[in-house]
Amino acid sequence: MTDIIRAEHPVLEDASVQLLRAGGKRIRPVFVLLSGKFGTYELPRIQTVAVTLELIHMASLVHDDVIDDAELRRGKPTVKAKWDNKVAMYAGDYIFARSLEYLSNLKEPRAHQILSQTIVELCIGEVEQIRDKYRIEQHVKDYLRRIRRKTAILIAASSRIGAIASGAPLAYERALYRYGYYVGMSYQIIDDVLDFTASEADLGKPAGGDLLQGNMTLPALLACEDDAFRERLMKAFRDPEQLNQEKLQPFIQHIKSSDAIERSLAMSDRYLQKAYQELDKLPPTRDRNTLKQIARHIGKRSS
Amino acid sequence: MIVLSYASMEELHTLRKKIENRMQQAYLDENLDIPYVDDYKLLLLQTLFGQANLPDKQQTDYIVTIMLIQIALDTHDLVIRKTKADETADERVDRQLTVLAGTYYSALYYKILAELEDIDMVALLATAIKEINEQKMVLYYDTASAAEFFHILRRMESTLFYAAASPFIKTKELEPLVDYFIISRLNQEAFMNEPTPITIRLGIILEQNQSTLTVTEAINQELEEASARLTRNLRTMPQVYAAAARKLLLQGKRQEELYLEEG
């Protein structure tokens, strides 16, 4: 991947590989590679898709850090913190363009149609996330629609495009898409739970960041079923500029001690069960087993 | 205001509407200014694809796509270098949506071409976007003089068009047109009431060089020089492009004046 995003301008090159060096879970390429096993597995083709999907994800993270004004990601300074917002914008755009250029080696229009539609929806999901910030009066359905666009569909697309690139049968392609979708939903719910429960060291950034940004994630929404808590949070959200980590501590503590975390994890688990059901539609191979183990790991992860 | 016949005006208006319709997103529209659509770039793209013997839909899709890329690139330029420590809630939303709007427009370009199943054009334009971001880094971080700044700007403004044109015409034939893009861009800059990324950066360079010129004077000087070069080159470019270039040059000029300059 480092070779693919090599740039002529030294700062652009450093900025582009900054996030790559910080590591990551690389779940999207893993899903591409494994999904590719359900058709005719040609490594160069599948690899092209796997690398592209990770690069697109990376480009979006570089821009997300400008949106969130984030100083740290995965425990390392963000591109915008190390250089500035403009460098982050250009590096993100550069990586995105490079990934499309690279994926154009795959002459499968359907793969491009799915991916481009996914990226459009991903953007809309992020716009809606900003629209819904500090909005307490929203339904769990709003949250699910948001994370569908924000996370699940890119993971689903990774699995599906991996299947398309290997020419897997349509039934497998559909099952893999739905598997990726359900795993993605579960993954994001757990991410949102961990934002409350994990330590700063594990997260690589301060805990409770979502609430501080006004993002109403599932644990916060479920905790808001308690009228007194909802009233207090609504009052705090009225003046977002006055909010800080310290002022939010009582809210974070309340969410942690309520049943909101447990109920969120239960919902995540329901998505995982659905993901397992999709895997039953695939042939019983070692790769299917690996996909099952990944889903199980996601359900248990603590960082 | 662009100097065109009624029919051409209508066509440009229709194209502009199509671009605006494609970009529509309720929350972005509610919160951000309408992006600037450069009529002269639109005119040139219309000329290019009109000559290419393409079906009408493909022509329109190509034009819309390229303009979306231009708007996406320009939108991301609007993101401020450092987030203000005392940023207000409105300023924060503006910054965040500006990032997303640029990415959204860029994603639309990919979607349109994917629907056309035109993967080669995806690649061609992606290469151009990559190059433009390299050029932006040089423009905003490395340029040391106004001359260098305008030189990079000229290249940057023409990269996308030349990439799009390359499958249809020998790019060499269009080389005399290179100043068209910087003129169009600088006209746009002169039209803005507020400082833009271009004028801010140029201002810094002029100050560093202890220049006696103001930003407006430097832009006007470059506009004059670029217009003179483009006028000299009119006879060396294909007729249809020369016609488009004349329309650009005619802005604020009497026709006979231009004919005199062309000799």
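Per chain, numbering begins at 1; letters A, B, ... match sequence-line order. Just so you know, these numbers come straight off a predicted model, no measurement behind them.
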When heavy-atom pairs shorter than 4.5 Å are enumerated against chain B, which of [options] gives the highest number?
options	value
A/Ile130, A/Leu122, A/Ile119	A/Ile130
A/Lys80, A/Arg110, A/Glu8	A/Glu8
A/Leu103, A/Val11, A/Leu115	A/Leu115
A/Gly92, A/Ser104, A/Ala88	A/Ser104

For [X], which atoms come within 4.5 Å of any heavy atom of chain B: side chain, backbone, both, or neither?
X	result
A/Glu241	side chain
A/Ile95	neither
A/Tyr102	neither

Greatest number of heavy atom pairs closer than 4.5 Å to chain A - which of [options]:
options	value
B/Leu125, B/Leu28, B/Thr98, B/Val99	B/Val99
B/Arg81, B/Glu117, B/Arg92, B/Arg95	B/Arg81
B/Leu108, B/Leu97, B/Thr83, B/Leu73	B/Thr83

Using the side-chain contact (heavy atoms from CB on, under 4.5 Å) definition, which of the options B/Asp118, B/Ile119, B/Leu116 pairs with A/His112?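 Only match with A/His112 under side-chain contact (heavy atoms from CB on, under 4.5 Å): B/Ile119.
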Taking the six-membered ring of B/Tyr140 (Phe, Tyr or Trp), confirm whether the NZ or CZ of A/Lys86 is under 6.0 Å from its centre and within 45° of its axis.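 The answer is yes, since A/Lys86 meets both limits relative to B/Tyr140.
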Which bit of [X] is near chain A, if near means a heavy-atom gap under 4.5 Å: side chain, backbone, both or neither?
X	value
B/Gln25	side chain
B/Val122	side chain
B/Asn31	neither

How about B/Phe168 and B/Phe49: are their ring centroids closer than 6.0 Å?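 Between B/Phe168 and B/Phe49, the centre distance is under 6.0 Å.
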Salt bridge [X]-[Y], side-chain N to carboxylate O under 4.0 Å:
X	Y	answer
B/Asp61	B/Arg22	no
B/Lys41	B/Glu157	yes
B/Asp120	A/Lys107	yes

Of A/Asp65, A/Asp68, A/Thr78, the residue whose pairing with A/Arg73 passes side chain to side chain donor-acceptor pair (under 3.5 Å):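 Among A/Asp65, A/Asp68, A/Thr78, the one that satisfies the side chain to side chain donor-acceptor pair (under 3.5 Å) with A/Arg73 is A/Asp65.
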Exercise: identify the closest heavy-atom pair between A/Val32 and A/Ser158: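 So the two residues come closest at CG2-O, 3.3 Å.
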